[in-house]
Amino acid sequence: MHTGTAKGTYGYLNRNKVQAWKRAALMLSVPAVVFLAAWILHGTRENVMTVVAIVGCLPGCNQVVRAIMASRYHSMEKELWEQVEAARGELPVLYETVFTSYETNYYVDCMVVCAREVIGYSSDGSLDAPKAAEHIRTMLKNSSYKQNVKILKEPKAFLERVRGLAECEPEPVPFQGDDRYPGFTRDEIILHLLMAISL
């Protein structure tokens with residue numbers, strides 16, 4: 001399995017953090033070069049290029065804020081990722097998601113989708129699991145998909161639940177396709193929607 005490069009894969013958050021800081025450094029270096037070049041060329045800082053350089057810092061400053069936000073989160077433990085991969089069988093999975101709401105952010109290490117079930121695990125000790133589950137459930141319902149969402153905080157209980165879902169025949173859910181997502185299965189659409197509402 002290819003990891004780390006795409007959203008929803010193992011290693012994504014660590015890679016995203018590094019990329020965000022690289023983009024911030026690049027975006028801030030351009031106005032700095034413009035400012036220094038103009039200063040050397042004109043022999044003074046008092047020229048129109050100083051204003052251009054200052055205004056040019058704004059996108060870089062915005063990127064610094066994004067990099068700081070990305071630095072708050074880290075990739076899940078490799079051992080847990082290996083255990084989830086072994087337990088999930090063919091079930092679709094999403095790794096390293098951060099769901100945002102007006103009040104707070106919810107970090108969920110891993111989510112597995114099976115029919116009407118969305119089971120997640122979070123290593124975030126401060127996470128309010130029922131509130132996070134309700135937020136995700138509401139977001140999916142707003143997209144016309146009713147799901148049972150549960151976020152667990154014990155890795156052992158999560159892995160047992162994933163194994164149980166992987167081993168049993170999922171409850172059939174009536175589904176005739178979605179014009180917004182042609183060719184997608186219902187589980188794939190749920191996964192796509194979860195990725196869309198996460199950072």
Side-chain angles (χ1 to χ4, degrees), residues 1-27 59-60 62-101 104-124 127 132-133 135-137 139-140 142-145 147 149-152 155 158-159 161-163 165-166 170 175 177-199:
M1 178 182 201
H2 195 51
T3 62
T5 56
K7 188 176 182 180
T9 60
Y10 168 70
Y12 169 73
L13 286 178
N14 284 349
R15 179 180 169 82
N16 186 44
K17 191 186 317 183
V18 171
Q19 295 291 8
W21 282 111
K22 283 181 180 177
R23 282 191 298 271
L26 179 65
M27 291 172 84
N62 185 33
Q63 185 58 43
V64 168
V65 171
R66 290 182 184 189
I68 290 169
M69 284 293 291
S71 295
R72 294 180 58 200
Y73 305 101
H74 59 276
S75 291
M76 65 188 290
E77 301 278 335
K78 185 175 182 183
E79 182 182 352
L80 178 61
W81 170 71
E82 290 169 345
Q83 290 171 339
V84 172
E85 284 295 298
R88 74 180 179 95
E90 298 298 315
L91 295 177
V93 65
L94 195 61
Y95 292 107
E96 302 178 11
T97 52
V98 180
F99 299 99
T100 59
S101 72
T104 188
N105 295 337
Y106 305 106
Y107 172 62
V108 182
D109 297 67
C110 178
M111 301 186 91
V112 171
V113 178
C114 181
R116 289 202 188 275
E117 303 295 323
V118 175
I119 306 298
Y121 163 73
S122 178
S123 60
D124 182 356
L127 180 89
H135 172 70
I136 295 165
R137 188 180 307 111
M139 297 300 283
L140 290 172
N142 290 344
S143 295
S144 306
Y145 288 91
Q147 293 293 118
V149 181
K150 188 162 182 84
I151 308 294
L152 303 171
F158 171 71
L159 288 167
R161 185 72 179 113
V162 170
R163 281 190 205 96
L165 288 173
F175 180 66
D178 190 326
D179 293 339
R180 297 171 295 179
Y181 307 98
F184 280 43
T185 66
R186 190 178 187 282
D187 287 354
E188 288 171 341
I189 292 172
I190 298 300
L191 223 62
H192 180 80
L193 292 171
L194 290 170
M195 272 201 289
I197 62 174
S198 68
L199 292 178

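Just so it is clear, the structure is predicted and the values come from calculations on it, not from any experiment. Basis for what follows: all heavy atoms, side chains included, without hydrogens, waters or symmetry-related copies.
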Please check if the side chain of [X] supplies one atom and the backbone of [Y] the other of a donor-acceptor pair under 3.5 Å.
| X | Y | value |
| --- | --- | --- |
| T9 | Y12 | no |
| S198 | F99 | no |
| R137 | V149 | yes |
| R186 | A115 | yes |
| K7 | M195 | yes |
| E117 | C114 | no |

Interatomic spacing from [atom1] in [X] to [atom2] in [Y] - rounded to 0.5 Å:
| X | Y | atom1 | atom2 | result |
| --- | --- | --- | --- | --- |
| Q83 | K78 | CD | NZ | 13.0 Å |
| L80 | S75 | CG | OG | 12.0 Å |
| I136 | I190 | CD1 | CD1 | 12.0 Å |
| I189 | Y181 | CD1 | OH | 7.0 Å |
| S122 | I151 | OG | CD1 | 7.5 Å |
| L140 | R116 | CG | CZ | 12.0 Å |

Search all heavy atoms of [X] against all heavy atoms of [Y] and return the closest pair with its distance.
| X | Y | answer |
| --- | --- | --- |
| L152 | K150 | CD2-CE, 3.6 Å |
| G89 | A166 | N-CB, 4.3 Å |
| A70 | N16 | CB-ND2, 4.1 Å |
| V93 | L191 | O-CD2, 3.7 Å |

Would you please classify the geometry between the Y107 ring and the H74 ring as parallel, tilted or perpendicular, with 30° and 60° separating the classes? tilted
With heavy-atom distances below 4.5 Å as the criterion, would you say the side chains of [X] and [Y] are in contact?
| X | Y | result |
| --- | --- | --- |
| Y145 | L193 | yes |
| L91 | D187 | no |
| C110 | F158 | yes |
| E85 | E82 | no |
| N105 | R72 | yes |
| L194 | M111 | yes |
| E96 | W81 | no |

Do [X] and [Y] pair up side chain to side chain, a donor and an acceptor below 3.5 Å, judged on atom types alone?
| X | Y | result |
| --- | --- | --- |
| Y73 | D124 | no |
| E77 | Y10 | no |
| S71 | W21 | yes |

Tell me, please, which residues at least two apart from L26 pass side chain to side chain contact (heavy atoms under 4.5 Å, CB included).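 L26: side chain to side chain contact (heavy atoms under 4.5 Å, CB included) contacts with S29.
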Assert yes or no for the condition that the ring centre distance of H135 to Y106 is strictly below 6.0 Å. yes
Results of side chain to side chain donor-acceptor pair (under 3.5 Å) for S123 - residues two or more places apart only: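 If we apply the side chain to side chain donor-acceptor pair (under 3.5 Å) test to S123, skipping adjacent residues, the hits are D109.
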Apply salt bridge (Lys or Arg N to Asp or Glu O under 4.0 Å) to D178 and list each qualifying residue two or more places apart in sequence or on a separate chain. R180
